Amino acid sequence: MPLYILPVSSNEAIAAHLSHLGDLLELTGANVFRVNAMRRASRSAEGASVDLARLAESEPKALSSVDGIGEGIAARIVELVTTGKCSEEAKLAAQVPAGLPALLQLPGLGPKKVRRLWQEAGVQDIASLATRLDDGTVAGMTGFGAKSVANLKDSIAFQARGIGRFRLDVGWREAHRLLRLLDDQGENPSVLRTAFAGSLRRSRDSIGDVDLLVASDEGLPLMDRFCAAPDVERILARGDTKASIRLHSGLQVDLRVLPLAQFGAALLYFTGSKEHNVALRGRAQDRGLTLNEYGLFPDDGEAAPHTRGVKAIAAATEEEIYAALETPFLPPELREVYGDDPLAAPPAGLLELSHIVCELHSHTTASDGAMSIEELAHAAKARGFHTIAVTDHSKSSAIANGLSEERLRAHIDAIHAARARVPGIQILAGSEVDILADGSLDYSDDLLNALDIVVASPHTSLKQDAGTATRRLLRAIEHPAVDIIGHPTGRVILERPGLEPDIEALAKAAAARGVALEINAHPSRLDLRDAHVRMALAQGAMIAIDCDVHHEDDFDNLRFGVGTGRRGGLTKDRCVNAMGADALQGWLDRDRTHAS
DNA sequence: GCCGTTTTCGGCCCGACTGTTTTCAGTCG
């Protein structure tokens, strides 16, 4: 979709323009390295920890300090931010049919073939491609045979199902199901090790496909088993060491089978990101080495050392490969391109799942949860938590059975009473209070002050413009009763974008007030998202990671929230849920009177 | 278009698989 007429104020919007520009360059036959540079800049913009639009206005020269953005692309960003369009993008868009870039998304079609379909068969968009496939035009072109035609028809039908990316939990579930199937619940002696890689392992907020690795010396039976797995809709590719299937859900799953001795190299390679791999290969080259999916080898100038009996310097584990490259080990979540050094060491004390010792956002049967106060407390205690905050919905969330002021007063008493029945865990009486459209809260100050903890969240009016949303959330942050801003943007992954507030401004105010900004761990939210976490940390804000528990299983979503935090560089000391009981109480007792 | 103790030009990761091909181009990750 051409975006060049929309105002450009967010990093995501800038990234979308650069990506679109990359498509257009590719379709007009530009140098492949220019195209790649544009793609790389787009990804860099998307993950940048600074607000590029603000930088473009205040200090445009600093744009070039972002990895992958040089003078040329910096100038385009300045143009986008100041005029709302990019003249090069507009010029190229005028040369290319508007529906053509969409063809690049069809599996099996790359820039070369799309260009030929456009120039030799007059294909303008997916509809005209379908026509040319049906009337035999495409089958008559050199390089396109009957199989290509059939595959393209399948690709179009698949795309028409509207299946794009998938939520992280879907990938997690399928990855574990298929790996269990392949190793026969751990009983298959030929399976020496299994892992999932790709964006699932990097804990991106959505995934395009699932990558599975199996260490085994007997690949073919595993390929058979994989391709015959329940729920396989179509086998997309199948070789001796690699196969791809599509499930009925539309999710594509790739399997690689390899010797155990090369597992680390393959895991590294297939975990990516692509940019991280490129950076590591560059590091290898600097040291006279060459890195591929089979290992790290001395570079003798010849290709494919693994096929020529060259002994690998490192291959069995990721750790030994990083060590041999004299590069600090990077956990998968940080293998993206951020800032000016993509191979910079991870922050000391990077948050881990085991650091989380309390849950501060949960619901009971009083509003829309499935557990009673006691059941919730027992479930939290069973997870080893020292504190659970009961934060049912406030009165405006009528659809979630939000509590009236009167019901909340009785609920507070019920929570206090439950403390005696569930010893060994602190049960906080709280509320998830709606932040109304104007930034006011859904309960009186008097009632809010009677609570141990207040999570304030936006639930409605999620299409406000950025300025209004920023003012709305700032007002909530500045309310002295508020402790946490819950799912600050209200986005739902793959469904709605949510608010686009000025995260840096919110984080600055939150830092001044001691308010934490939440990473809601539910896989449909992951809100704040990774790039927002980076921005918030840079401004000094504290972060909360909460499961927004409605059902007992929701505690398991913590891994996704922690993954998002780690992607944002979150350390243990900046996460309120990693505080011990005393420190947490100290935070809740902080001075709320000082002005920001 | 970006990048640089091989730095202002000349590189830019590389191997598996597919389909259409008789030796390889294109796509994908």
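Residue numbering restarts at 1 for every chain, and letters A, B, ... go by the order of the sequence lines. Just so you know, these numbers come straight off a predicted model, no measurement behind them.
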- Message: For A:Thr131, give me all partners under side-chain hydrogen bond (donor to acceptor under 3.5 Å, both in side chains), at least two apart in sequence or on another chain.
- Response: none
- A:Gln262 CD to B:dG15 C1', straight-line distance once rounded to whole Å: 12 Å
- Note on the structure: Per the under-4.0 Å heavy-atom filter, residues of residues 311-330 of chain A near DNA chain B come out as none
- Message: Please report the distance, rounded to the nearest Å, between CE in A:Met38 and P in B:dC2.
- Response: 7 Å
- Task: Mind jotting down which residue pairs meet the ring pair (Phe, Tyr, Trp, His ring centres under 6.0 Å) criterion with at least one end in residues 106-153 of chain A? Sequence neighbours excluded, please.
- Result: none
- Please measure how far the C1' atom in B:dT7 lies from the corresponding atom in B:dC2, and state the result in whole Å. 13 Å
- A:Arg566 with A:Asp530: basic N within carboxylate O range, under 4.0 Å: no
- Query: With rounding to whole Å, what would you report as the distance between B:dT21 and B:dG26 at their C1' atoms?
  - Reply: 12 Å
- Query: In terms of side-chain heavy atoms, does A:Thr327 have a donor or acceptor partner in A:Arg283 at a distance below 3.5 Å?
  - Reply: yes
- Apply side chain to side chain contact (heavy atoms under 4.5 Å, CB included) to A:Gln262 and list each qualifying residue two or more places apart in sequence or on a separate chain. A:Leu258, A:Pro259, A:Tyr294
- Message: Has A:Arg165 got a side-chain atom pairing as donor or acceptor with A:Leu494's backbone, closer than 3.5 angstrom?
- Response: no
- Item | Phosphate OP1/OP2 of B:dC14 contacted by A:Asn292 side-chain N/O (<4.0 Å) | no
- Message: Near DNA chain B, counting only heavy atoms under 4.0 Å, which residues of residues 143-151 of chain A show up?
- Response: A:Gly143, A:Phe144, A:Gly145, A:Ala146, A:Lys147, A:Ser148, A:Asn151
- Query: Base, sugar-phosphate alone, or nothing: which one does A:Ile69 contact when heavy atoms must sit under 4.0 Å apart?
  - Reply: sugar-phosphate
- Item | Distance, rounded to the nearest Å, where A:Leu343 contributes CG and B:dC3 contributes C1' | 14 Å
- Query: Given the P atoms of B:dA16 and B:dG11, what is the spacing between them in whole Å?
  - Reply: 26 Å
Might you list the N or O atoms of the protein lying below 3.5 Å from N or O atoms in nucleotides 25-29 of chain B, with each pair's distance?
from   : atom 1 : to       : atom 2 : distance (Å)
B:dT27 : OP1    : A:Gly110 : N      : 2.7
B:dT27 : OP1    : A:Gly110 : O      : 3.0
B:dT27 : OP1    : A:Lys113 : N      : 3.0
B:dT27 : OP2    : A:Lys112 : N      : 3.4
B:dT27 : O5'    : A:Gly110 : N      : 3.4
B:dC28 : OP1    : A:Gly108 : N      : 2.7
B:dG29 : N2     : A:Tyr269 : OH     : 2.4

- At under 4.0 Å between heavy atoms, what does A:Arg115 touch on the DNA or RNA strands: base, sugar-phosphate, or nothing? nothing
- State plainly whether the residues A:Glu333 and A:Arg202 are in salt-bridge range, i.e. N to O under 4.0 Å. no
- Message: Please tell me if A:Arg34 has a side-chain N or O lying less than 4.0 Å from either OP1 or OP2 of B:dG1.
- Response: yes
- Message: A:Arg234: which residues meet the salt bridge (charged side-chain N to carboxylate O under 4.0 Å, His left out) condition with it, sequence neighbours left out?
- Response: A:Asp154
- Query: Taking the side chain of A:Arg40 as heavy atoms from C-beta outward, which of B:dG1, B:dG15, B:dC3 is closest to it?
  - Reply: B:dC3
- Message: Suppose we screen for side-chain hydrogen bond (donor to acceptor under 3.5 Å, both in side chains). Which residues come up paired with A:Ser524, at least two apart in sequence or across chains?
- Response: A:His522
- Hey, are A:Arg534 and A:Glu46 close enough for a salt bridge, meaning a charged N less than 4.0 Å from a carboxylate O? no
- Query: B:dT8 pairs with which nucleotide, Watson-Crick or G-U wobble, both distances below 3.5 Å?
  - Reply: none
- For A:Thr241, which contact category applies under a 4.0 Å heavy-atom criterion: base, sugar-phosphate, or nothing? sugar-phosphate
- Item | side-chain hydrogen bond (donor to acceptor under 3.5 Å, both in side chains) involving A:Glu326 - partner list, sequence neighbours excluded | A:Arg287
- Query: Salt bridge between A:Arg525 and A:Asp205, side-chain N to carboxylate O under 4.0 Å?
  - Reply: no
- Electrostatic pair A:Glu71-A:Arg76, nearest N-O below 4.0 angstrom: no
- Message: Both A:Gly239 and A:Arg76 contact DNA chain B. Which one's nearest nucleotide lies toward the 5' end?
- Response: A:Arg76
- P gap between B:dT23 and B:dC17, integer Å: 23 Å
- By salt bridge (charged side-chain N to carboxylate O under 4.0 Å, His left out) - contacts of A:Arg204 (at least two apart): none
- Item | Pairwise C1' distance for B:dT8 and B:dC3, with rounding to whole Å | 10 Å
- For B:dG1 and B:dG15, measure between their C1' atoms and round to the nearest Å. 26 Å
- Message: When the C1' atoms of B:dT20 and B:dC14 are compared, how many Å lie between them, rounded to an integer?
- Response: 23 Å
- Task: Can you tell me the distance, in whole Å, between the CZ atom of A:Arg39 and the P atom of B:dC13?
- Result: 15 Å
- Message: Measuring only the C1' atom in each nucleotide, how far is B:dC12 from B:dT6? A whole number of Å is fine.
- Response: 15 Å
- Query: Between atom CZ in A:Arg281 and atom C1' in B:dC13, what is the gap in whole Å?
  - Reply: 4 Å
- Message: The criterion is side-chain hydrogen bond (donor to acceptor under 3.5 Å, both in side chains); which residues satisfy it with A:Asp183, sequence neighbours excluded?
- Response: none
- Given DNA chain B, 5'-ward residue of the pair A:Ala41 and A:Met141, judged by closest heavy atom: A:Ala41
Under 3.5 Å between N/O atoms: give me all the protein pairs with nucleotides 8-10 of chain B, atom names plus distance.
none

- Task: Return the value, rounded to whole Å, for the distance between atom CG of A:Leu24 and atom C1' of B:dG1.
- Result: 16 Å
- Task: In whole angstrom, give the distance that lies between atom CG of A:Leu268 and atom C1' of B:dC14.
- Result: 14 Å
- Message: Could you check whether A:Arg201 pairs with A:Asp211 (Lys NZ or Arg NE/NH1/NH2 to Asp/Glu carboxylate O, under 4.0 Å)?
- Response: no
- Rounded distance in Å - CG (A:Leu152) to C1' (B:dG19): 11 Å
